Protein chains: 2
Amino acid sequence: MLTDRQMRILRLIVDDYVRSAEPIGSRTLSKQMALDISAATIRNEMADLEELGYLEQPHTSAGRVPSQQGYRYYVDNLLPEGAALTTDDVKGIRSLFSERIVEMERVAREAAVMISDLTRYTGVVLGPQVYDTTLRKLEIVPLNERSAVVLIVTSSGAVQNKTVTLPDGISPTDVERLFSILNHRLVGTPMYRIRSRVLQEITSEIARHVEDYEEAMKLLDRILPALTNEHDARVYLGGATNMLELPEFRDLQKVRAVLSWLEQPSHVAVALRGDERNPEHAPGVRLKVRIGGENSAGMLQNCSLITATYAVGDLPIGVIGVIGPTRMEYARVIRLMQALSDSMTDVFSRFYQT
Amino acid sequence: MLTDRQMRILRLIVDDYVRSAEPIGSRTLSKQMALDISAATIRNEMADLEELGYLEQPHTSAGRVPSQQGYRYYVDNLLPEGAALTTDDVKGIRSLFSERIVEMERVAREAAVMISDLTRYTGVVLGPQVYDTTLRKLEIVPLNERSAVVLIVTSSGAVQNKTVTLPDGISPTDVERLFSILNHRLVGTPMYRIRSRVLQEITSEIARHVEDYEEAMKLLDRILPALTNEHDARVYLGGATNMLELPEFRDLQKVRAVLSWLEQPSHVAVALRGDERNPEHAPGVRLKVRIGGENSAGMLQNCSLITATYAVGDLPIGVIGVIGPTRMEYARVIRLMQALSDSMTDVFSRFYQT
DNA sequence: TTTAGCACTCGGCAAGCATGAGTGCTAACA
DNA sequence: TGTTAGCACTCATGCTTGCCGAGTGCTAAA
């Protein structure tokens, strides 16, 4: 248990270090500290805090720097409570939804850029992905004799399109019939059940209604993956180069490690989703702060990741996040993410909830 | 006019510098040079080449480095002719099209990554954009009482979707009628003519057939931008972090400049499209090499950009490109881009040409 | 418990120095 | 006239050295 004074000192060190990125010495601290304690006393307290694991020294005779545990304590216990968002921040968030056309995908993409603009860190968004949406409409639009576009619309308003080659022998009427059957039988089916329903119930019906069963099944085979493929994770980045401005990444090696990690959407997706089986992922927890080594991704040892889910109604459909140095403006960023995720949830729920 | 020997020397310098990234001295060159000329002679030739503007010295008493003009001469006159692509390269290109489902958008995205993998530079692709495609299908799928998804399919197989808010008072029947009219009258119309046709010819027909003209027009107003908006340029990047491996970008400032330039799709799109009014953009010219300062973008002063268009039939629909240092493996990259653009054109033409 | 004083530590920076690759010039050579 | 060898000179690079200053831990006094 930390004493009151230790908490005050820890908070000051974190705040100062976040601002300056330089180790804080006892002397400096004693000067700028409101309450008057001498440098020597602070030295003693600092030594204690270090022993407890909240601070560390880059090397002897440098100032102290918060340790991972120190940041954790700060986030859990020392965050300044009040202090709402600035009006600029609020304006930024509002501007995301100013248009008449609210398209999830686009909001997600722009949210990433907005996060990076407002925080000067890297914004990261996992596009909306609705696991138990249902099929709303299935459509095929022929392009020429050999190919066609298949459109899949889900109840959440997500649209997928796939270009397919038509089997050589198939007749337009059969294509039409096939899709009419599929629509008739599958609309309203949850996406994840489509594959089994097709295989179990629908093939026989197809056999009854189309002329050339062989060819129809060939076509079905080609569109089935598109239908059941969970929409691959779309990851949107914003301001990845902001990393380059940070003093902790003055080293080219580190920059490269982080940037090429960011370049792989699958990496980012995994990090954003987090371990969903994790106890910390209790239901109702929307916001997560993972500091340094708490991240499973090795590349993020020196980074903190703050994520928040956004939802339609009660159903989380995606994740927004910020990647920055462990030396992050936690208070502000947390509030920002909270506000943004709330806004997105709000708007999406209004538009898409059935 | 360069003498034969000068050309040989220039070629050797470029080749060597591309490999080593270090200024070439006369001594080094005379050793590795097949034909036996002494260092002193080479020094004289180099001095001449420098005077002519093909070489430059980073500082007195360093070796020589090709100048922009030197690279230009190399690309125009000294490219080794034969030397086909390696089998690995060919395999890479093939793998792009291995799947049954050939979706332009996806091929474009993956092409960017592939270019970067094969070249170790940065791959850059401008997604397919077909200016004089025609409308193939217009569809609206309601999501709930308040919103719907509008699908737009063009003759090239590109699909756009926009989520719209339905005007409050509109009846489902009116929506259906509106779309039936639009489809009936607009399918087959070139995209760029849609706006004018709607305004000139179709509003009157709508007035005749729907019950609530006011509301129908409100809805039409909302979808019209989506229809006529030229599909905004989609830019795909691959291997942007490859830049970090290059010795010319050991300086953080330069890295930042280039990477944040790359982060702005609009910048990249402009560079890729190039000045289409440029004399160099003669019809039939598919491949362009822009070296250093030949790029209009200031950020690319130290870079070379090699672009090639891909097409459906004779109609160019997009651009692939490589951004690398001026010290680029021109021969290989040029062949690669040529091969890739040919393949893409080939496959797309087979699938999408009407 | 707090404070002042003191010796000690260590990173960072600048100056000085040696090294070596490379040049231009001149003079001799084929 | 073109080619080569030799020589003095230049300059980036890397290493060593020494100094500075911020900061610490410890001890002794308040």
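Because the structure is a prediction, the values reported are computed rather than measured. Below, all heavy atoms of this structure are taken into account, side chains as well, without hydrogens, waters or symmetry copies. Order of the sequence lines sets the chain letters (A, B, ...), proteins ahead of strands, with each chain counted from 1.
- Contacts of residues 52-63 of chain A with DNA chain D (heavy atom under 4.0 Å): A:Q57, A:S61, A:A62, A:G63.
- The side chain to side chain donor-acceptor pair (under 3.5 Å) check on B:S67 picks up nothing, with sequence neighbours excluded.
- Counting to the nearest Å, the P atom of D:dT24 and the CD1 atom of A:I13 are 9 Å from each other.
- Legend: residues meeting side chain to side chain donor-acceptor pair (under 3.5 Å) with A:T3, ordered by chain and number and at least two apart, are A:Q6.
- In this structure, A:I42 places its CD1 atom 17 Å from P of C:dT1, rounding to the nearest Å.
- At whole-Å resolution of the value, CG in B:L29 and P in C:dA21 are 16 Å apart.
- Between A:Q301 and A:N295, the closest side-chain pair of non-hydrogen atoms is not below 4.5 Å.
- Protein atom CE of B:M46 is 9 Å distant from nucleotide atom P of C:dG24, rounded to whole Å.
- Each of B:M328, B:R290, B:K288 was evaluated against B:I306; a single residue qualifies, B:M328, per the side-chain contact (heavy atoms from CB on, under 4.5 Å) test.
- Atoms CG and CG, on A:L259 and B:L259 in that order, are 6.5 Å from each other to the nearest 0.5 Å.
- Checked options A:L55, A:V14, A:I13; the residue passing with A:I24 is A:I13 (criterion: side-chain contact (heavy atoms from CB on, under 4.5 Å)).
- Remark: B:E56 pairs with no residue by the salt bridge (Lys or Arg N to Asp or Glu O under 4.0 Å) rule, at least two apart or across chains.
- Atoms CZ (B:R27) and P (C:dG20) sit 13 Å apart, rounded to a whole Å.
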*Reading nucleotides 3-8 of chain D 5' to 3', which nucleotides get B (base under 4.0 Å from a protein heavy atom), which S (sugar-phosphate only), which -?*
SBBB--
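- Atom CD1 of B:I24 is separated from atom P of C:dG22 by 9 Å (rounded to the nearest Å).
- OP1 or OP2 of C:dT23 lies within a sub-4.0 Å distance of a side-chain N or O belonging to B:R64.
- As a whole-Å value, the separation of A:R250 CZ from C:dG11 C1' is 13 Å.
- The list of side-chain hydrogen bond (donor to acceptor under 3.5 Å, both in side chains) pairs with a residue in residues 11-22 of chain A, not counting sequence neighbours, reads A:D15-A:Y74, A:D16-A:R19.
- Side-chain contact check for B:Y71 versus B:R327: some heavy-atom pair is nearer than 4.5 Å.
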